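Because the structure is a prediction, the values reported are computed rather than measured. Values below: all heavy atoms of this structure, side chains included; hydrogens, waters and symmetry mates excluded. Reminder, nothing fancy here: chain letters follow the sequence lines and each chain counts from 1.
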Protein chains: 2
Amino acid sequence: MKNNKDMPVEEQSGPLMADVARLAGVAISTVSRALANPGRVNEKTRLKIDAAAKQLGYTPNAMARNLRVGKSNIIMIILPGSLYYGVSQIIPQVLQSINKALIQNGYHLMIANLDRDEMSERHILDLAFSGTVRGAIILSSKLPEVDGRSLANAGLPIVSMLLDMSDAGLPSVVTNDRAAMRDVTEELIGLGHRRFLYIAGPEGNYHDVERYAGALEALRAAGLSEESMSRSGGRRDYQEGFAIGVEAAADFAQLANRPTAVIATSDDMAISFVSRVQRMGLNIPGDLSVVSFDGSPVCEFSSPPLSTIEQPVEEMGQAAVDILMERIDATERGAAMRHVIPSRLIRRESFALAQSTV
Amino acid sequence: MKNNKDMPVEEQSGPLMADVARLAGVAISTVSRALANPGRVNEKTRLKIDAAAKQLGYTPNAMARNLRVGKSNIIMIILPGSLYYGVSQIIPQVLQSINKALIQNGYHLMIANLDRDEMSERHILDLAFSGTVRGAIILSSKLPEVDGRSLANAGLPIVSMLLDMSDAGLPSVVTNDRAAMRDVTEELIGLGHRRFLYIAGPEGNYHDVERYAGALEALRAAGLSEESMSRSGGRRDYQEGFAIGVEAAADFAQLANRPTAVIATSDDMAISFVSRVQRMGLNIPGDLSVVSFDGSPVCEFSSPPLSTIEQPVEEMGQAAVDILMERIDATERGAAMRHVIPSRLIRRESFALAQSTV
DNA sequence: TTGTAGGCGTTATCAA
DNA sequence: TTGATAACGCCTACAA
């Protein structure tokens, strides 16, 4: 402590390395070494120093250290505009798994929210260019870029998760959206379904593109035309899944030749869709089979329990952190890679054999 | 830039204040002033400096600044063990509103997860004692404390949210759990209900204590005995809401004189409970009224739509940040206060007049 | 209004 | 193996 003469109480800044050094009877630099490179110091002095540090309740000042070594130990996660989904636990799960993996590597997690406004972009760019963060994991398809500064040029390792941005030069951790969709569509075809309704999130979104492509692949493989699958949605964001499902139910009611199977691209859509068509008197899965994406646990408690494609969020988060750590340590950067972690279909009662129709 | 002779490319640390100063033809300190106290510098030089800064794409180094001024601009949020709830969006909503409010005040949000293990406590204490964070918002009932160091003694402003910890000296932002529960119970009594089932989270938890007390207040006021309300649950955490609801349905089935109204302390509990008792052939709200806590949007799409008590998370987050900011700025700390923000009952079809029974 | 100089708490280099 | 010393990039008296 240096303020020992008048001690204005207000900001007691805690013990410094100098205090530890004094108590242990060694030089400051020796304390620094003892704490950082315990191997490079005499065992006896190390013990003395450890004891002194513990006695004083010493914790090294992170800002001083980071300034000195020129590196921060904070990673930021860039989340899309709204974190607010209906039943999906993807965001909390991502945060949890990433935070855990980061801590194990000695890093901390900072949140950055990427809204559509310029302010949030500026905020993220400040974080990057001020040296506050050491790397980023991004869950949005847009890299912040405001008057000259772009996140891409911040010299920061970045990993994309959920969305494939390897084209933009970012290593990406994704699930097998396309194959998962192809498989489940195939399975429905196998159950006798020939007319489908596809409920989409925002058109052009990576998930939509991939999943729809997967569905079409299955149709083609079975010799069915593209017209056998109607589309609903495409204008609203995934955050508005409930509204999308409600609108899809209205669309569904209008269809002349009603589909016997519905594929929703989020559990929210499926849940609100089901609630509306049941109200119209339809039986699920008797009249209509339903499958969706996200693997929300609540699907088990719908009536009927909903089949859903679970995304391996834990593994994806862990993988994203692993890749980020590699990038941080690497002297040379490898090529941007696309890492695919397979998802898993949870089969429940919401889909069944097609009624023999027509 | 200082590395201008051989430029090893690897760590291009960006322009410094010295570079801006050189380009603008002024001293470093003038740049510092121009950027921080624009008023205390000649307008003409200020423009020159701004231009130079923009031209170089200069962003001040946050770690150097923070070290110098002895303050960080990072706030940590301490979240309970698992973020993983079934349908509740409380955690994401909290993060969103707090992050937004913090940014408006010039702060950043760091996540800290408080598991039951010592490692996570140590992690949080390091964040606090290393000067990394300037304050904390805590959503857990336990203040980290490991060998000597305690978060309570870190000299850090802390605000509790969701849980009332004013007894422990923390200003707390909570909702009116007790009154909300009293009101809804009263309402059920008014509808003719006389036998209740209360589905609890972990016993002794603040929410459980408050809510149960509220229910009892209503019973007493109506001249009903405590025995008119059965209790289920009490052993599992809120994160296991679905399991609690399933078990409650089993408990319910065993009851000799079945309740006509159920009060669940989370939407997860209500949803899984309903799915099970419906499978037992009961009609809701015909045979059984149901109300729960959390205000999850999905409740609108259950069948029947579920009544639920919505927590004002946005306002609570905003209030928590406001209070934290006051504490940070305040020279003298006021007494710990309890700030109550009222919740709101969303009435849906899941409760109705009691069937005339007995 | 602007410039000079010193220091925030650490780590890293160099001698001893 | 240890100690003195010079940065890291910025802010802030104080002097000019």
Criterion side-chain contact (heavy atoms from CB on, under 4.5 Å) against Val321(A), the qualifying member of Leu109(A), Val159(A), Leu102(A) = Leu102(A)
How long is the line joining CG of Leu35(A) and P of dG9(C), in whole Å?
-> 16 Å
Rounded interatomic separation in angstrom, taking CG from Asn37(B) and P from dC10(D) | 16 Å
Is there a donor on the side chain of Ser29(A) or the base of dG3(D) sitting less than 3.5 Å from an acceptor on the other?
-> yes
With a 3.5 Å cut-off and just heavy-atom distances, do the side chain of Arg68(A) and the base of dA12(C) make a donor-acceptor pair?
-> no
Give the table of side-chain donor-acceptor pairs shorter than 3.5 Å for residues 59-69 of chain B, with sequence neighbours excluded, one pair per line with atom names and distance.
residue, atom, partner, partner atom, Å
Thr59(B), OG1, Arg149(A), NH1, 2.8
Asn61(B), OD1, Met63(B), N, 2.9
Asn61(B), OD1, Ala64(B), N, 2.8
Asn66(B), ND2, Ala62(B), O, 3.2

Test side chain to side chain contact (heavy atoms under 4.5 Å, CB included) applied to Gln55(A) - qualifying residues, sequence neighbours left out = Leu23(A)
Tell me, do Ile111(B) and Ile111(A) make a side-chain contact under 4.5 Å, heavy atoms counted?
-> yes
For DNA chain D, the residues among residues 53-61 of chain A that have a non-hydrogen atom under 4.0 Å from it = none
Check Leu170(A), Ile98(A), Val174(A) against Met161(A) for a side-chain contact (heavy atoms from CB on, under 4.5 Å) and give me the one that passes.
-> Ile98(A)
Return the angle between end axes of the helix from dT1(C)-dA16(D) to dA16(C)-dT1(D), with five pairs used per end and rounding to 10°.
-> 40°
Find which nucleotide of DNA chain C each of Val69(B) and Ile28(B) is nearest to by heavy atoms, and output the residue with the more 5' nucleotide.
-> Ile28(B)
Please report, rounded to the nearest Å, how far the C1' atom of dT2(D) is from the CD atom of Glu43(A).
-> 16 Å
Which whole-number value in Å describes the distance from Phe129(A) CZ to dG9(D) P?
-> 17 Å
Residues in ring pair (Phe, Tyr, Trp, His ring centres under 6.0 Å) with His339(A), at least two apart?
-> none
What integer distance in Å separates Leu67(B):CG from dC10(D):C1'?
-> 9 Å
Please state how far atom NZ in Lys71(A) lies from atom P in dG9(D), giving the value in whole angstrom units.
-> 12 Å
So CD of Glu121(B) and CD1 of Ile78(B): to nearest 0.5 Å the spacing works out to 10.0 Å
Which residue pairs pass the salt bridge (charged side-chain N to carboxylate O under 4.0 Å, His left out) test with at least one member in residues 315-327 of chain B, sequence neighbours excluded?
-> none
Identify which nucleotide among dC10(D), dT2(C), dG9(C) has an atom closest to any side-chain atom of Asn42(B), counting heavy atoms from C-beta outward.
-> dT2(C)
Between dC10(D), dT10(C), dT2(D), spot the one nearest the side chain of Arg65(A), thanks.
-> dT10(C)
Looking at dG3(D), dG3(C), dC10(D), which one has an atom nearest to any side-chain atom of Arg33(A)?
-> dG3(D)
In whole angstrom, give the distance that lies between atom NZ of Lys48(B) and atom C1' of dT2(C).
-> 11 Å
Can you measure from CG (Asp329(A)) to CG (Asn105(A)) and round to the nearest 0.5 angstrom?
-> 8.5 Å
Between the CE atom in Met110(B) and the CG atom in Asn99(A), the distance rounded to the nearest 0.5 Å is 9.5 Å
Starting at CE of Met17(A) and ending at C1' of dC8(D), how long is that distance when rounded to a whole Å?
-> 15 Å
Has Ser32(A) got a side-chain N or O lying under 4.0 Å from the OP1 or OP2 atom of dT10(C)?
-> no
